[in-house]
Amino acid sequence: MENNNEIVFKSVVSSWIAGLYWAILIFLVVMFIGVPLFTPMTFFEKSIFVLVFIIVFLIILYTLFRAYRLSFIISKDRLLITGLLKNHEIMFSDIKDVKKVPIPFGFRLFGASFLGGRFYLPGVGNATVAMSNFDDGVLVSTKKGYTFVITPKNPMEFIDDMKNRVKNEKM
(Lines give C-alpha, C1' and ligand atoms only; values in the text may rest on other atoms or scores of the structure.)
Protein backbone atom coordinates (compact mmCIF):
# COMPACT_ATOMS: atom_id res chain seq x y z
CA MET A 1 0.00 0.00 0.00
CA GLU A 2 1.51 3.36 -1.00
CA ASN A 3 0.57 6.74 0.40
CA ASN A 4 2.61 9.95 0.14
CA ASN A 5 5.68 8.04 -1.01
CA GLU A 6 5.24 5.56 1.84
CA ILE A 7 5.12 1.82 1.40
CA VAL A 8 3.50 -0.23 4.16
CA PHE A 9 4.59 -3.83 4.55
CA LYS A 10 2.27 -5.81 6.79
CA SER A 11 3.30 -8.93 8.62
CA VAL A 12 1.52 -12.26 8.35
CA VAL A 13 0.65 -13.69 11.76
CA SER A 14 1.61 -17.35 12.06
CA SER A 15 -1.40 -19.53 12.82
CA TRP A 16 0.73 -21.32 15.42
CA ILE A 17 1.56 -18.08 17.27
CA ALA A 18 -2.00 -16.74 17.01
CA GLY A 19 -3.36 -20.10 18.15
CA LEU A 20 -1.13 -20.04 21.21
CA TYR A 21 -2.38 -16.60 22.28
CA TRP A 22 -6.04 -17.46 21.53
CA ALA A 23 -5.63 -20.65 23.60
CA ILE A 24 -4.26 -18.58 26.48
CA LEU A 25 -7.29 -16.27 26.28
CA ILE A 26 -9.69 -19.23 26.27
CA PHE A 27 -7.85 -20.80 29.21
CA LEU A 28 -8.15 -17.50 31.13
CA VAL A 29 -11.90 -17.35 30.50
CA VAL A 30 -12.32 -20.96 31.67
CA MET A 31 -10.30 -20.17 34.80
CA PHE A 32 -12.32 -17.00 35.39
CA ILE A 33 -15.52 -19.03 35.37
CA GLY A 34 -14.19 -22.17 37.07
CA VAL A 35 -12.11 -20.86 39.96
CA PRO A 36 -14.90 -18.88 41.67
CA LEU A 37 -17.36 -21.75 41.15
CA PHE A 38 -15.18 -24.40 42.76
CA THR A 39 -13.13 -22.39 45.25
CA PRO A 40 -14.63 -20.82 48.35
CA MET A 41 -13.47 -17.20 48.49
CA THR A 42 -14.27 -14.13 50.52
CA PHE A 43 -15.50 -10.99 48.79
CA PHE A 44 -12.00 -9.48 49.09
CA GLU A 45 -10.38 -12.56 47.51
CA LYS A 46 -12.92 -12.56 44.68
CA SER A 47 -12.27 -8.86 44.10
CA ILE A 48 -8.49 -9.43 43.87
CA PHE A 49 -9.05 -12.43 41.59
CA VAL A 50 -11.29 -10.44 39.24
CA LEU A 51 -8.85 -7.50 39.17
CA VAL A 52 -5.84 -9.72 38.39
CA PHE A 53 -7.86 -11.62 35.78
CA ILE A 54 -8.93 -8.41 34.01
CA ILE A 55 -5.37 -7.07 33.95
CA VAL A 56 -3.87 -10.31 32.58
CA PHE A 57 -6.71 -10.74 30.08
CA LEU A 58 -6.27 -7.19 28.76
CA ILE A 59 -2.49 -7.61 28.43
CA ILE A 60 -2.89 -10.81 26.39
CA LEU A 61 -5.69 -9.26 24.30
CA TYR A 62 -3.57 -6.14 23.63
CA THR A 63 -0.61 -8.33 22.64
CA LEU A 64 -2.77 -10.23 20.16
CA PHE A 65 -4.24 -6.99 18.79
CA ARG A 66 -0.76 -5.51 18.25
CA ALA A 67 0.45 -8.73 16.58
CA TYR A 68 -2.23 -8.36 13.91
CA ARG A 69 -1.33 -4.66 13.43
CA LEU A 70 2.43 -5.21 13.12
CA SER A 71 3.74 -3.29 10.10
CA PHE A 72 6.88 -1.80 8.61
CA ILE A 73 6.54 1.57 6.90
CA ILE A 74 9.17 2.72 4.45
CA SER A 75 8.90 6.46 3.90
CA LYS A 76 11.05 8.99 2.08
CA ASP A 77 13.92 8.99 4.59
CA ARG A 78 13.18 6.43 7.32
CA LEU A 79 11.86 3.04 8.30
CA LEU A 80 9.12 2.94 10.93
CA ILE A 81 8.63 -0.36 12.74
CA THR A 82 5.25 -0.48 14.47
CA GLY A 83 6.28 -3.12 16.93
CA LEU A 84 4.49 -5.02 19.60
CA LEU A 85 5.55 -2.92 22.57
CA LYS A 86 6.66 0.31 20.92
CA ASN A 87 7.44 1.89 17.58
CA HIS A 88 10.99 2.31 16.28
CA GLU A 89 12.09 4.90 13.76
CA ILE A 90 15.33 4.30 11.84
CA MET A 91 16.71 6.98 9.53
CA PHE A 92 18.06 5.64 6.23
CA SER A 93 21.30 7.53 6.85
CA ASP A 94 21.82 5.34 9.93
CA ILE A 95 21.22 1.97 8.22
CA LYS A 96 24.31 -0.16 7.71
CA ASP A 97 22.79 -3.35 6.27
CA VAL A 98 19.46 -5.00 5.41
CA LYS A 99 19.38 -8.71 4.62
CA LYS A 100 17.15 -11.77 4.69
CA VAL A 101 17.80 -14.14 7.57
CA PRO A 102 16.10 -17.18 9.04
CA ILE A 103 14.35 -16.37 12.29
CA PRO A 104 17.14 -17.08 14.77
CA PHE A 105 16.82 -18.87 18.07
CA GLY A 106 17.21 -16.35 20.88
CA PHE A 107 16.84 -15.70 24.56
CA ARG A 108 14.11 -13.27 25.51
CA LEU A 109 15.36 -10.43 27.68
CA PHE A 110 12.06 -8.52 27.69
CA GLY A 111 8.85 -8.76 25.69
CA ALA A 112 6.18 -11.15 24.47
CA SER A 113 7.11 -14.72 23.60
CA PHE A 114 7.19 -15.41 19.85
CA LEU A 115 6.19 -11.84 18.98
CA GLY A 116 8.73 -9.27 19.97
CA GLY A 117 10.79 -7.37 22.45
CA ARG A 118 14.49 -7.46 23.32
CA PHE A 119 16.29 -10.73 22.64
CA TYR A 120 19.83 -12.01 22.81
CA LEU A 121 20.49 -13.78 19.50
CA PRO A 122 23.63 -15.93 19.29
CA GLY A 123 25.84 -14.62 16.49
CA VAL A 124 23.97 -11.31 16.41
CA GLY A 125 23.94 -10.06 20.01
CA ASN A 126 21.16 -8.01 21.55
CA ALA A 127 18.40 -7.25 19.07
CA THR A 128 14.96 -5.74 18.99
CA VAL A 129 12.56 -8.26 17.49
CA ALA A 130 9.20 -7.42 15.88
CA MET A 131 7.91 -10.63 14.36
CA SER A 132 4.68 -12.48 13.82
CA ASN A 133 5.87 -15.57 11.94
CA PHE A 134 8.92 -17.77 11.48
CA ASP A 135 9.34 -17.39 7.69
CA ASP A 136 9.92 -13.77 6.68
CA GLY A 137 13.01 -12.76 8.68
CA VAL A 138 14.86 -9.57 7.79
CA LEU A 139 17.85 -8.29 9.76
CA VAL A 140 18.31 -4.50 9.83
CA SER A 141 21.64 -3.28 11.27
CA THR A 142 22.43 0.34 12.06
CA LYS A 143 25.68 2.26 12.23
CA LYS A 144 24.98 2.97 15.90
CA GLY A 145 25.10 -0.76 16.66
CA TYR A 146 21.37 -1.44 16.95
CA THR A 147 19.96 -4.58 15.38
CA PHE A 148 16.35 -5.31 14.45
CA VAL A 149 14.81 -8.60 13.33
CA ILE A 150 11.49 -8.02 11.58
CA THR A 151 9.06 -10.10 9.51
CA PRO A 152 7.55 -8.09 6.65
CA LYS A 153 5.38 -10.00 4.20
CA ASN A 154 7.36 -10.38 0.94
CA PRO A 155 10.77 -9.89 2.58
CA MET A 156 12.76 -9.77 -0.67
CA GLU A 157 10.54 -6.98 -2.01
CA PHE A 158 10.99 -5.16 1.31
CA ILE A 159 14.79 -5.59 1.16
CA ASP A 160 14.99 -4.39 -2.46
CA ASP A 161 12.92 -1.31 -1.67
CA MET A 162 14.97 -0.55 1.45
CA LYS A 163 18.28 -0.91 -0.38
CA ASN A 164 17.11 1.35 -3.23
CA ARG A 165 15.95 4.04 -0.83
CA VAL A 166 19.07 3.82 1.36
CA LYS A 167 21.24 4.03 -1.77
CA ASN A 168 19.27 7.07 -3.03
CA GLU A 169 19.59 8.69 0.41
CA LYS A 170 23.38 8.45 0.23
CA MET A 171 23.54 10.07 -3.24
Side-chain angles (χ1 to χ4, degrees), residues 1-25 56 58-171:
M1 172 203 288
E2 284 194 47
N3 183 12
N4 293 337
N5 207 19
E6 287 185 346
I7 300 177
V8 178
F9 285 85
K10 295 287 187 180
S11 187
V12 176
V13 179
S14 162
S15 59
W16 188 87
I17 293 172
L20 174 70
Y21 279 91
W22 282 111
I24 291 169
L25 283 176
V56 171
L58 290 176
I59 288 171
I60 300 294
L61 194 61
Y62 175 76
T63 301
L64 197 53
F65 171 76
R66 288 291 290 209
Y68 282 106
R69 294 186 44 94
L70 185 64
S71 63
F72 314 98
I73 303 166
I74 301 173
S75 68
K76 180 180 165 189
D77 61 349
R78 69 194 75 202
L79 168 64
L80 176 65
I81 301 170
T82 61
L84 185 66
L85 301 173
K86 69 183 228 178
N87 297 337
H88 299 277
E89 193 173 84
I90 308 166
M91 301 301 292
F92 289 157
S93 59
D94 190 36
I95 292 178
K96 181 170 69 173
D97 193 22
V98 179
K99 62 185 175 183
K100 176 122 175 71
V101 295
I103 299 297
F105 170 78
F107 300 97
R108 181 172 33 111
L109 304 173
F110 177 78
S113 293
F114 304 115
L115 289 171
R118 290 292 290 166
F119 282 74
Y120 174 78
L121 307 173
V124 174
N126 287 347
T128 299
V129 175
M131 64 178 262
S132 62
N133 65 66
F134 300 109
D135 300 322
D136 301 326
V138 174
L139 183 72
V140 178
S141 305
T142 69
K143 294 173 186 171
K144 295 178 182 173
Y146 296 109
T147 306
F148 298 87
V149 176
I150 59 176
T151 57
K153 184 178 178 183
N154 303 320
M156 294 312 295
E157 183 182 329
F158 174 87
I159 291 168
D160 291 342
D161 196 273
M162 282 292 296
K163 286 185 175 182
N164 287 335
R165 292 194 188 218
V166 168
K167 185 175 77 177
N168 290 340
E169 175 79 15
K170 291 178 181 177
M171 293 181 161

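These values consider heavy atoms only, across backbone and side chains, with no hydrogens, waters or symmetry-generated copies.
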Does any part of the side chain of [Y], heavy atoms only, come nearer than 4.5 Å to the side chain of [X], both counted from C-beta?
X: M162; Y: I74; answer: yes
X: I150; Y: F158; answer: yes
X: T128; Y: Y146; answer: no
X: N87; Y: E89; answer: no
X: L70; Y: T151; answer: yes
X: I17; Y: S132; answer: no
X: L25; Y: L61; answer: yes

When you measure from the side chain of [X] to the backbone of [Y], do you find a donor-acceptor pair of N or O atoms at a distance under 3.5 Å?
X: K143; Y: S93; result: yes
X: D161; Y: E157; result: no
X: D94; Y: T142; result: no

Open item on the list: So, using side chain to side chain contact (heavy atoms under 4.5 Å, CB included) as the criterion, who are the partners of S71 when residues are at least two apart?
Closed with: V8, K10, I73, T82

Where [X] and [Y] come nearest, the two heavy atoms and their spacing:
X: S75; Y: E6; value: CB-CG, 3.8 Å
X: F119; Y: V129; value: CD1-CG2, 3.7 Å
X: I159; Y: K99; value: CD1-C, 3.6 Å
X: P152; Y: F9; value: CB-CB, 3.9 Å

- [ ] Walk me through it: do D97 and L139 pass the test side-chain contact (heavy atoms from CB on, under 4.5 Å)?
- [x] CA-CA 8 Å; D97 193 22; L139 183 72; over 6 Å; no

- [ ] Start with the C-alpha distance between R165 and I95, add both sets of side-chain angles, then the distance that settles side-chain contact (heavy atoms from CB on, under 4.5 Å), and finish with yes or no.
- [x] CA-CA 11 Å; R165 292 194 188 218; I95 292 178; over 6 Å; no

